[in-house]
Amino acid sequence: MIVGDAVDRWGALRVAFVGFLLDFPTLLLFQLVARNTTQDQVLLYVFLFVAGVASTLQMVSLMTEVNNVTERYEREFPGIFGHQGGTAQ
């Protein structure tokens, strides 16, 4: 719900870009977790949380963009994806 509102407000590509910007340093910082101490466990949990938020930002916004492009093609070329459409389940 929060990510969807952000996509509606700022656009899918911007939100996906922020997700990738968050994800890159987070994946690099996983190297700091080296031992099984409480401090490293807390770091791991924080990094996993940030990586999960970044992944959610990426996936929701990119799937929204894919849906928008599919709908646009379906409007321009009716029936191009068959009778069930481009995103049929």
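All figures in this text were calculated on a predicted structure; none of them were measured in a lab. FYI, side chains are in, hydrogens and waters are out, and symmetry mates aren't considered; it's all heavy atoms of this structure.
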- Can you get from F49 to M59 by hopping between Ile, Leu, Val, Met, Phe, Trp and Tyr side chains that sit under 4.5 Å apart? no
- Message: Rounded at 0.5 Å granularity, tell me how far CG in L62 sits from CZ in F17.
- Response: 12.5 Å
- Whether over 12 other heavy atoms sit under 6.0 Å from E76 CD: yes
- Can you measure from CZ (F20) to CG (L22) and round to the nearest 0.5 angstrom? 11.5 Å
- Item | Any donor-acceptor N/O pair, S55 side chain to A51 backbone, under 3.5 Å | no
- Message: Please determine whether residues F47 and L27 belong to a single hydrophobic cluster, defined as Ile, Leu, Val, Met, Phe, Trp and Tyr linked transitively by side-chain heavy-atom distances below 4.5 Å.
- Response: yes
- Task: Can you spot which of L43, N36, L44 makes a side-chain contact (heavy atoms from CB on, under 4.5 Å) with D40?
- Result: L43
- Task: Show your reasoning for whether side-chain contact (heavy atoms from CB on, under 4.5 Å) applies to L48 and F30.
- Result: CA-CA 9 Å; L48 286 173; F30 274 125; 3.8 Å; yes
- Atom CD in E74, atom CG in N67: separation rounded to 0.5 Å? 11.5 Å
- Query: Which atoms form the tightest heavy-atom contact between A54 and G19, and what is the distance?
  - Reply: CB-O, 3.3 Å
- Query: Nearest 0.5 Å, what's the CG-CG distance between L57 and D23?
  - Reply: 9.5 Å
- Message: To check you understand the geometry: which heavy-atom pair defines the closest contact between Q58 and A16, and what is its length?
- Response: CG-O, 4.1 Å
- Path from V7 to V18 over hydrophobic side-chain contacts below 4.5 Å: yes
- L28 atom CG, neighbour heavy-atom count above 12 within 6.0 Å: yes
- Are V66 and Y73 co-members of a hydrophobic cluster defined by side-chain heavy atoms under 4.5 Å apart? no
- Message: Could you check whether atom CZ of F81 has more than 12 heavy atoms from other residues, nucleotides or ligands sitting under 6.0 Å from it?
- Response: yes
